[in-house]
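A quick write-up on the structure given underneath.
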Amino acid sequence: MRPWRESLWRGIGAAITPLVRHWLHRRIQRGKEDAARLHERFGRPVLPRPAGKLIWAHAASVGEAVALLPLLRAVREARPDITLLLTTGTVTSAALVARQSFAGLLHQFVPVDIPSAVDGFLDHWRPDLALWSESELWPGLLAGLHRRGVKLLLLQGRMSARSASRWQLLPGTARWLLGCFDAVYAQTAADAERFRSLGARHVQEYGNLKQAAPPLGCDDAELARLRDAIDGRPRWLLASSHPGDEAIALQAARTLRLRFPDLLTIIAPRHPERGQAIAEDLRKSGAHVALRSVDQAPEAEIYVADTLGEMGLWYRLCPLALMGGSLIPHGGQNPLEPARLGAAVLFGPHMFNFSEASADLLARNAALQVQDGIALAETIAALLADPARLAHMGEQGRIYANEQGAVLTRLTKAVLEQI
């Protein structure tokens, strides 16, 4: 017999199924769903389930998928007999997985949390072990796994103080959902304590996989070509920018070009589809702009890198990277990505998405924090004029980032012990 909370959730899910169907079709119209694969969202896979052991891992979106892929690759290298199924919920993350796929890895869109979709998905794939990432808790899927006796691990466990206080308003529901997990591997000691206070079992602090990922790759031939094209030009990168970042970068670039007339500013938007609009806005302000998707040579003062999967290229080309979303209240982007590749890191006051990593980089003298666009221009100017200090920051960041690799080894071992 199903617990009453699961029965209630399934009843709600069945009742809202027509609304969910309508919602998904609206998302198709907005380009947020893949119409050709919508059947996956309804729990009707067409890929056959391979024989043998299968681990299902779920990552909500791009960031979670990037963190899980190295772990899944390590598991596959240790156990090539195991099939890995990775689900995500966005078309962008699906494209990323397609580019970084490897033998033994399958991708599906995660089913919506309604009974027919959940049952269809789990009945078809029959996972032997399930890995959940971070803090996205879908009651139907978690309860369905638990009822089928599938071991379930929460990796990258993250629970903010705000989220924990909200869950405290529904303590029974929190215990029910977290009780579905056989173990919780939390990112920090504070996360671990919050999970324990809400009723999770077997909670351990394991660190953050996002801080343990391998260096981003790149096309070596293209790297050499671009280095030749910009040889001798001082340069800096605005990495993974969000709306509002580009205007700050433009003002900083204008100030910097008074001292460095040949300066190259590279802007890599977090969402590359914004590239054309960013270039148009910058041109309206009088800037000479080249667009990566159109102009292969970065001969302008500002180069908008509006392509997917090339961040490793830009971090290698630029000795200095400002993290997007940190001068505006977005929460910043992962500062360890440039640090792994030896780039000095700058960020603004809003790094709450990566507070631990940013604090550690500051303590290691591998990063600097600026408060606004004026300070940004002053700091970049000082660093470009002091190559020795710039190189020292980059090397300290590389050392720190490499030290974070231990969590990948530990989590790989923990997963293998469960299968």
Closer than 3.5 angstrom, by distance alone: can the side chain of [X] be matched with the main-chain N or O of [Y] as a donor-acceptor pair?
| X | Y | result |
| --- | --- | --- |
| Asp182 | Leu153 | no |
| Arg201 | Phe181 | yes |
| Gln404 | Tyr400 | yes |
| Arg227 | Leu317 | no |
| Gln369 | Gly348 | yes |
| Arg196 | Val203 | yes |
| Arg76 | Ala103 | yes |
| Glu205 | Ala186 | no |
| Arg5 | Pro3 | no |
| Arg340 | Gln211 | yes |

Whether [Y] and [X] form a salt bridge (side-chain N of Lys/Arg under 4.0 Å from carboxylate O of Asp/Glu) is what I want to check.
| X | Y | answer |
| --- | --- | --- |
| Asp191 | Arg194 | yes |
| Arg49 | Asp123 | no |
| Arg283 | Glu280 | no |
| Asp281 | Arg274 | no |

How about [X] and [Y]: do any of their side-chain heavy atoms sit closer than 4.5 Å?
| X | Y | result |
| --- | --- | --- |
| Thr92 | Ser61 | no |
| Phe42 | Leu24 | yes |
| Met311 | Gln333 | no |
| Val66 | Asn334 | no |
| Ile266 | Cys318 | yes |
| Leu131 | Leu72 | yes |
| Leu327 | Leu322 | yes |
| His124 | Arg44 | no |

Worked check of salt bridge (Lys or Arg N to Asp or Glu O under 4.0 Å) between Glu417 and Lys413: CA-CA 6 Å; Glu417 288 173 347; Lys413 183 175 183 290; 2.6 Å; yes
Once you round to the nearest 0.5 Å, how far does [atom1] of [X] lie from [atom2] of [Y]?
| X | Y | atom1 | atom2 | answer |
| --- | --- | --- | --- | --- |
| Phe102 | Leu69 | CZ | CG | 6.5 Å |
| Leu238 | Leu346 | CG | CG | 10.5 Å |
| Leu237 | Arg316 | CG | CZ | 13.0 Å |
| Trp236 | Leu376 | CH2 | CG | 5.0 Å |
| Glu356 | Gln187 | CD | CD | 8.0 Å |
| Leu198 | Leu177 | CG | CG | 10.5 Å |

As a quick check of understanding, evaluate side-chain contact (heavy atoms from CB on, under 4.5 Å) for Phe195 and Leu154, giving each step before the final call. CA-CA 11 Å; Phe195 277 111; Leu154 179 59; 3.7 Å; yes
Take Trp4 and Trp176, measure what side-chain contact (heavy atoms from CB on, under 4.5 Å) needs, and give me the verdict at the end. CA-CA 10 Å; Trp4 70 266; Trp176 168 55; over 6 Å; no
Compare every heavy atom of [Y] with every heavy atom of [X], then report the nearest pair and how far apart it is.
| X | Y | answer |
| --- | --- | --- |
| Leu209 | Ala67 | CD1-O, 3.7 Å |
| Ser326 | Met351 | CB-SD, 3.6 Å |
| Thr90 | Phe109 | O-CE2, 3.5 Å |
| Ala130 | Leu145 | CB-CD1, 3.8 Å |
| Cys218 | Gly312 | CB-C, 4.0 Å |
| Thr412 | Leu408 | OG1-O, 2.7 Å |

Please check if any side-chain donor atom of His146 sits under 3.5 Å from a side-chain acceptor atom of Glu6, or the reverse. no
Pair Arg270-His330, side-chain donor/acceptor within less than 3.5 Å: no
Tell me which one of Asp219, Leu226, Leu341, Thr307 satisfies side-chain contact (heavy atoms from CB on, under 4.5 Å) with Leu313. Leu226
Among Leu383, Val345, Asn365, whose side-chain contact (heavy atoms from CB on, under 4.5 Å) with Met393 holds? Leu383
Determine whether Leu137 and Trp167 satisfy the following criterion, side-chain contact (heavy atoms from CB on, under 4.5 Å), listing intermediate values before the conclusion. CA-CA 12 Å; Leu137 306 179; Trp167 278 114; 4.1 Å; yes
Checking Asp306 against Val294 for the side-chain contact (heavy atoms from CB on, under 4.5 Å) test, could you report, in this order, the C-alpha distance in whole Å, the side-chain angles of both residues, the deciding distance, and whether it holds? CA-CA 9 Å; Asp306 59 333; Val294 177; 5.9 Å; no
What do you reckon, is [atom1] of [X] surrounded by more than 12 foreign heavy atoms closer than 6.0 Å?
| X | atom1 | result |
| --- | --- | --- |
| Ile374 | CD1 | no |
| His39 | NE2 | yes |
| Arg162 | CZ | no |

Parallel, tilted or perpendicular: which one describes the rings of [X] and [Y], with boundaries at 30° and 60°?
| X | Y | value |
| --- | --- | --- |
| His58 | Trp132 | tilted |
| His271 | His242 | perpendicular |
| Trp125 | Phe121 | tilted |

Which residue pairs satisfy the salt bridge (Lys or Arg N to Asp or Glu O under 4.0 Å) criterion with at least one member in residues 13-32, sequence neighbours excluded?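 Passing the test, one end in residues 13-32: Arg27-Glu33.
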